[in-house]
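Quick notes on the structure that follows.
Just the heavy atoms: all of them, side chains too, but no hydrogens, waters or symmetry mates, feed the values below. A note on names: the letters A, B, ... follow the listed sequences, proteins ahead of strands, and every chain is numbered from 1.
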Amino acid sequence: MKKSYQAPRGMRDVLPENMPAWQRLEGTARHLARLFGFSEVRPPLMEETTLFTRAVGEVTDIVEKEMFTLQKGKTSLSLRPEGTAGVVRAYVQAGYAKRDPLQRMYYCGPMFRYERPQKGRERMFTQFGVECIGSSDPRLDAEVMDLAARFFEELGLTGLEVRMNSMGDGEDRDRYRAAVTDFLRPKLGEFCELCQSRFERNVLRVLDCKNPACGELSMGAPVLIDYLGEENRAHFEAVQSSLRDLGREPCVDTGIVRGLDYYTRTVFEIHAPAIGARSALCGGGRYDHLVRDLGGPDVPAVGFAIGFSGTLILLEQLGLLEGLEREAPEVYVIGFSAEQKSEVLKVAGDLRRGGISAIYDVDGRSFKAQMQAAGKGTHKYAVILGDDEVERGVVQLKDLGAKSQIEVPRDQLVEAIRSAL
RNA sequence: GUGGGUAUAGCUCAGUUGGUUAGAGCACCGGAUUGUGAUUCCGGGGGUCGGGGGUUCAAGUCCCCUUAUCCACCCCA
């Protein structure tokens, strides 16, 4: 009978007590983005459905079954399942290509996918991503990878691997795909069922099947790098050397094949071996034709996206979130008895007008209970007033950390706290 | 989408082969001289046992359905 509500499946509340950790991630993201010259962009959370199908690829799971789609009359809108498409659309719509082609943009916000929830995989999840649109300079590929790696390093994570690969471009990829198909076809029957379906849907995925038997059969398969054209090979080399310029040793992993259709040339992932097989915390790469494919001019781009939930899980596991406490007001105002109710409110008001955060007890609790409340959170000071203080126009200012206490005239309270802070 | 596990107080969990008023720790509230936070001691509030249906004299316990969550698969930032 009684209806009780819960958050929708796969979506969770970030409660005040979780905020410090989240703000740390967001703060780090914004700080680094700024450091690298990226500006924030905030496209709508929904776009025309076809924007995503065009960008992400028709046969990907994302498009086939994971989008939250809303039909209103003739328009079909979908909640964004990833960030790049919207940013690219905004780039095109704003006309940047003509007036200011090179744009370094970042975003941080919720994405939506209708998937079966699991640890580290929610229907509404948060990503921090950057998109550098308007140039194919290999230094940008390296820079973007560096930024992604720095994000994790800044949070205290070490031992992460930045693995990169090149997927080539149109022709290279076609030639390579054909070579892989030829290579696999003769022994296709020996692969697992899944691989057989992958063979039809996205041949390259067969190569990173986790089934050991399939892995063995794939041994000796053609390697994409060998199929790169002159220009793309040079680009790949240049990205690696730029990475070295930034003090990072490139780690080439020919197994990396991003799932999304739009990637070209550079692709990379950042892994945390500490969390096992499902270790990718970040994925990204170059998408030189997406802008054009979405109806814009033919400008190249490179970017990445980092999921917050995986990052948070890892930070939690490593105990790097300890000591992050919910923020409490600086001052807790205490009245000795109910008599001071009104004076307590006045003092709190004065403090707030003076730019100092303050709260007080509203449950009419005992003096002792108020002291306990003051000592519990991260309040820095307790301001205490009883009959005597009210009469004399003073308050007791107690430093809760140092446990020291001084008497201060009411009209000098704000100043006293300011100078002590 | 497929397979499996779990669901008891705000949190972490006990609860025997079905059998009286469902427990603990932590947390919360009050008190131990109505002017100072810890520890300790005493006391207290709080659960229609996730929801619905069924079997039974009797269901937290057994069966079915449902919702959520977790794990693996699928897929993937």
Report, one pair per line, the protein and nucleotides 5-9 of chain B atoms (nitrogen or oxygen only) whose separation is under 3.5 Å.
none

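Residue A/Met371 contributes atom CE, which lies 9 Å from atom P of B/rU36 at whole-angstrom precision. Distance CZ (A/Phe152) to P (B/rA77): 14 Å, rounded to an integer number of Å. A/Glu269 has its CD atom 9 Å from the C1' atom of B/rA77, to the nearest Å. One can place OH of A/Tyr114 at 21 Å from P of B/rA77, the figure rounded to the nearest angstrom. Between A/Asp13 atom CG and B/rA68 atom P the separation is 15 Å, expressed in whole Å. What separates OH of A/Tyr332 from P of B/rU36 is a distance of 17 Å, to the nearest Å. B/rG10 atom P lies 18 Å from atom CZ of A/Arg326, rounded to whole Å. What separates CD of A/Gln118 from C1' of B/rG4 is a distance of 12 Å, to the nearest Å.
In summary, A/Glu343 and A/Lys346 engage in a salt bridge, as defined by a charged side-chain N under 4.0 Å from a carboxylate O.
When heavy atoms are screened at a 4.0 angstrom cut-off, A/Gly335 is found touching no nucleic acid atom at all. Counting non-hydrogen atoms under 4.0 angstrom, A/Ala374 reaches nothing in the nucleic acid. Across all strands shown, A/Gln372 has heavy atoms under 4.0 Å from sugar-phosphate atoms exclusively, and none from any base.
Each of A/Arg12 and A/Gly307 was assigned the nucleotide of RNA chain B with the nearest heavy atom; the assignment lying further toward the 5' end belongs to A/Arg12. Residue whose closest nucleotide on RNA chain B sits further toward the 5' end, between A/Glu122 and A/Gln127: A/Glu122.
Listed nucleotides: B/rG35, B/rA38, B/rC74. Nearest to the side chain of A/Phe336: B/rG35. Comparing B/rU36, B/rC29, B/rC74 against the side chain of A/Lys376 picks out B/rC29 as the nearest. When the nucleotides B/rA77, B/rC70, B/rA68 are ranked by their closest atom to the side chain of A/Arg9, B/rA68 comes out on top.
Across the C1' atoms, B/rC26 and B/rU69 are found 23 Å apart, a figure rounded to whole Å. Only the P atoms considered, B/rC49 is 38 Å distant from B/rA32, to the nearest whole Å. The gap from the C1' atom of B/rG46 to that of B/rC11 amounts to 13 Å, rounded to the nearest Å. Distance check on atom C1': B/rG19 versus B/rC64 gives 24 Å, rounded to whole Å. Of the P atoms belonging to B/rU33 and B/rU20, the separation is 42 Å, rounded to the nearest Å. Spacing of P atoms, B/rG50 relative to B/rG10, comes out at 13 Å, to the nearest Å. Comparing the C1' positions of B/rU21 and B/rU67 gives a spacing of 31 Å, expressed to the nearest Å. Going from the P atom of B/rA59 to that of B/rA22 covers 13 Å, rounded to whole Å.
Heavy-atom minimum distance, A/Glu82 versus A/Gln127: CA-OE1, 4.4 Å. Contact record, A/Arg80 with A/Pro110: NE-O, 2.8 Å, taken as the closest heavy-atom pair. For A/Ala358 against A/Leu351, the heavy-atom pair with the smallest separation is CB-CD1, 3.8 Å.
The base of B/rU2 lies close enough to the side chain of A/Arg116 for a donor and an acceptor atom to sit less than 3.5 Å apart. Between the side chain of A/Arg113 and the base of B/rC76 there is no donor-acceptor pair of N/O atoms closer than 3.5 Å.
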Without placing hydrogens or testing angles, list every side-chain donor-acceptor pair under 3.5 Å for residues 287-294 of chain A, not counting sequence neighbours.
| residue | atom | partner | partner atom | Å |
| --- | --- | --- | --- | --- |
| A/Tyr287 | OH | A/Glu131 | OE1 | 2.4 |
| A/Asp288 | OD1 | A/Arg286 | NH1 | 2.8 |
| A/Asp288 | OD1 | A/Ala301 | N | 3.3 |
| A/Asp288 | OD2 | A/Arg265 | NE | 3.0 |
| A/Asp288 | OD2 | A/Arg265 | NH2 | 3.0 |
| A/His289 | NE2 | A/Asp169 | OD1 | 2.9 |
| A/His289 | NE2 | A/Asp169 | OD2 | 3.4 |

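Under a cut-off of 6.0 angstrom, the local environment of CD in A/Glu40 is crowded, with over 12 non-hydrogen atoms contributed by other residues, nucleotides or ligands. Crowding of A/Arg392 atom CZ: a count of heavy atoms from other residues, nucleotides or ligands under 6.0 Å exceeding 12.
Proximity of residues 389-414 of chain A to RNA chain B (heavy atom under 4.0 angstrom from any strand atom) is restricted to A/Glu389, A/Gln396, A/Lys398, A/Asp399, A/Leu400, A/Lys403, A/Gln405. Residues from residues 358-370 of chain A lying near RNA chain B, meaning a heavy-atom separation below 4.0 Å, are A/Arg365, A/Ser366, A/Phe367, A/Lys368, A/Ala369 in numerical order.
When side chains are defined from C-beta on, A/Ile313 does not count as touching A/Glu316, because their heavy atoms never get closer than 4.5 Å. Taking 4.5 Å as the limit, some side-chain heavy atom of A/Val41 sits within range of a side-chain heavy atom of A/Pro43. Between A/Met371 and A/Ile384 there is a side-chain heavy-atom pair separated by less than 4.5 Å.
Taking CG from A/Asp146 and CZ from A/Phe36, the interatomic distance works out to 4.5 Å, rounded to the nearest 0.5 Å. For the atom pair A/Leu35 CG and A/Leu147 CG, the distance stands at 9.0 Å (nearest 0.5 Å). To the nearest 0.5 Å, the span separating CZ on A/Arg248 from CE on A/Met145 amounts to 10.5 Å.
Of the candidates A/Phe151, A/Phe38, A/Phe308, A/Trp22, A/Phe128 forms a ring pair (Phe, Tyr, Trp, His ring centres under 6.0 Å) with just one, namely A/Phe151.
Not counting sequence neighbours, A/Ser242 has no partner by the side-chain hydrogen bond (donor to acceptor under 3.5 Å, both in side chains) test.
Using cut-offs of 30° and 60° on the angle between ring planes, the pair A/Tyr91 and A/Tyr96 is tilted.
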Dot-bracket encoding per residue of RNA chain B, Watson-Crick/G-U cut-off under 3.5 Å, | denoting interstrand: (((((((..((((.....[...)))).(((((.......))))).....(((((..]....))))))))))))....
